[in-house]
Amino acid sequence: MLIGFAVPVSGAWATPGNQAAVARRAEELGYRSLWTLQRLLNPAGADDRTYRSVPDPFVTLAYLAGLTTRARLGVAVANLPFYAPPVLAKQAATLDRVSGGRLDLGLGLGWMPEEFAAAGVPMARRGARAEEHLAVLRALWSGAPAEFRGEFYGVPPVVMEPPPAQSPLPVLLGGAAEPALRRAGRLADGWVSSSRADLSAIGRSIGIVREAAEEAGRDAGALRFVCRGAVRLRPGGREGRRPLTGSYEEIAADLEALAGQGVTEVFVDLNFDPEVTGPGADPGASLDRALEALEVFAPRDRPRAGAGEGTG
């Protein structure tokens with residue numbers, strides 16, 4: 001199982017300096033990938049502090065692309081409804097090129113009504129819209145003349161240049177409901193779990209994705225299954241603890257157990273820990289915790305220095 005790490009992307013610790021420090025150290029330690037998330041805005045007056053002060057994921061990854069050379073760069077996830085397909089296609093293709101073919105594009109449907117209202121797009125029939133959106137993206141990324149006529153999107157004969165460095169550009173779909181899981185199996189290169197996923201039963205979700213891929217005549221063995229590991233470091237030995245909450249030793253054992261459920265890659269993510277991202281958290285102390293976690297969870301088999309991964 002491959003292991004990645006999420007850079008600071010939520011709360012006061014999500015500064016360019018802290019992002020750079022985590023990204024550089026993660027690459028030195030041999031982590032496979034670096035990850036961001038998307039949150040456009042939040043309801044005014046809401047008590048939920050989970051997604052406060054979140055920078056744009058694509059701008060952040062472009063910044064990190066200039067500071068790293070090997071680690072793959074992922075977003076889990078950008079929400080399709082908030083983009084016109086050609087705009088997202090151009091952004092993703094450009095990011096893939098400036099990073100030397102290192103982008104892993106996680107896409108989702110979105111769930112916060114306030115974001116949909118502010119973006120001026122409907123929440124209804126998000127799944128059907130997403131399927132057309134993805135078809136348009138892939139047509140534009142081909143580099144060849146493309147045209148699309150669908151129920152939701154229409155594109156006249158056009159050519160988008162330059163195309164992504166990777167061909168095809170890897171697309172991972174998110175979502176927890178069965179239709180979303182089956183969509184990932186039918187259409188995507190893999191599936192990425194959310195911070196709210198029940199990691200004790202993630203194997204069931206993976207099984208649904210694989211089943212849908214096989215029913216569509218696809219090679220389920222070629223799919224990627226990426227788990228967001230929402231880690232919370234706490235005193236160990238407590239009864240009834242949830243996976244990835246506890247001591248370093250307990251969390252390390254939980255990470256190993258994910259491979260047995262079919263996870264092919266997990267990334268450690270401290271952005272969902274209120275002790276790291278909450279309003280009272282000290283950004284410097286949060287960075288220190290991340291740097292310590294990087295050392296503890298570092299991959300045992302590190303790539304040799306300077307080895308590039310390109311489109312692998």
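Everything numeric in this text was worked out from a predicted model, so none of it was measured. Along the sequence shown, the residues carry numbers beginning at 1.
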Just by distance, no angles: are the side chains of [X] and [Y] close enough, under 3.5 Å, to form a donor-acceptor pair?
X      : Y      : answer
Ser193 : Trp191 : no
Thr245 : Arg238 : no
Asp282 : Trp13  : no

Pairwise distance [atom1]([X]) to [atom2]([Y]) - rounded to 0.5 angstrom:
X      : Y      : atom1 : atom2 : answer
Leu34  : Gln19  : CG    : CD    : 10.5 Å
Ile251 : Leu244 : CD1   : CG    : 6.5 Å
Ser99  : Asp104 : OG    : CG    : 9.5 Å
Tyr248 : Arg234 : OH    : CZ    : 11.5 Å
Lys90  : Leu140 : NZ    : CG    : 9.5 Å
Arg196 : Ser194 : CZ    : OG    : 5.5 Å

Looking at [X] and [Y], does any basic side-chain N land under 4.0 Å from a carboxylate oxygen?
X      : Y      : answer
Glu178 : Arg182 : yes
Arg242 : Asp198 : no
Arg289 : Glu275 : yes
Glu131 : Arg186 : yes

Over all heavy atoms of both residues, which pair between [X] and [Y] is shortest? Give the atoms and the distance, please.
X      : Y      : answer
Phe116 : Leu109 : CZ-O, 3.1 Å
Leu29  : Leu294 : CD1-O, 3.5 Å
Cys227 : Leu199 : SG-CD2, 3.6 Å

(request) Check Met1, Glu256, Arg32, Arg228 against Val266 for a side chain to side chain contact (heavy atoms under 4.5 Å, CB included) and give me the one that passes. (result) Met1
(message) Are the side chains of Val87 and Gln91 in contact, using a 4.5 Å heavy-atom criterion?
(response) yes
(message) Between Ile3 and Glu265, is there a side-chain heavy-atom distance shorter than 4.5 Å?
(response) no
(message) Restricting to salt bridge (charged side-chain N to carboxylate O under 4.0 Å, His left out), what partner residues turn up for Asp254, sequence neighbours left out?
(response) Arg241
(request) Give the intermediate values and the outcome of side-chain contact (heavy atoms from CB on, under 4.5 Å) for residues Val171 and Arg138. (result) CA-CA 10 Å; Val171 172; Arg138 286 176 166 155; 4.0 Å; yes
(message) If you take the centroid of each ring, where Trp contributes its six-membered ring, are Phe5 and Phe267 closer together than 6.0 Å?
(response) no
(request) Under the ring-ring contact (aromatic ring centres under 6.0 Å, His included) rule, collect the residues that match up with Phe225, sequence neighbours excluded. (result) none
(request) In sequence, state the C-alpha distance, the side-chain angles, and the governing distance for His133 and Leu88, and then conclude on side-chain contact (heavy atoms from CB on, under 4.5 Å). (result) CA-CA 10 Å; His133 200 303; Leu88 180 57; 3.8 Å; yes
(message) Checking Thr68 against Arg102 for the side chain to side chain donor-acceptor pair (under 3.5 Å) test, could you report, in this order, the C-alpha distance in whole Å, the side-chain angles of both residues, the deciding distance, and whether it holds?
(response) CA-CA 10 Å; Thr68 58; Arg102 291 187 282 146; 2.9 Å; yes
(request) Give a yes or no answer on whether the side chain of Asn271 reaches the backbone of Pro8 with a donor-acceptor pair at less than 3.5 Å. (result) no
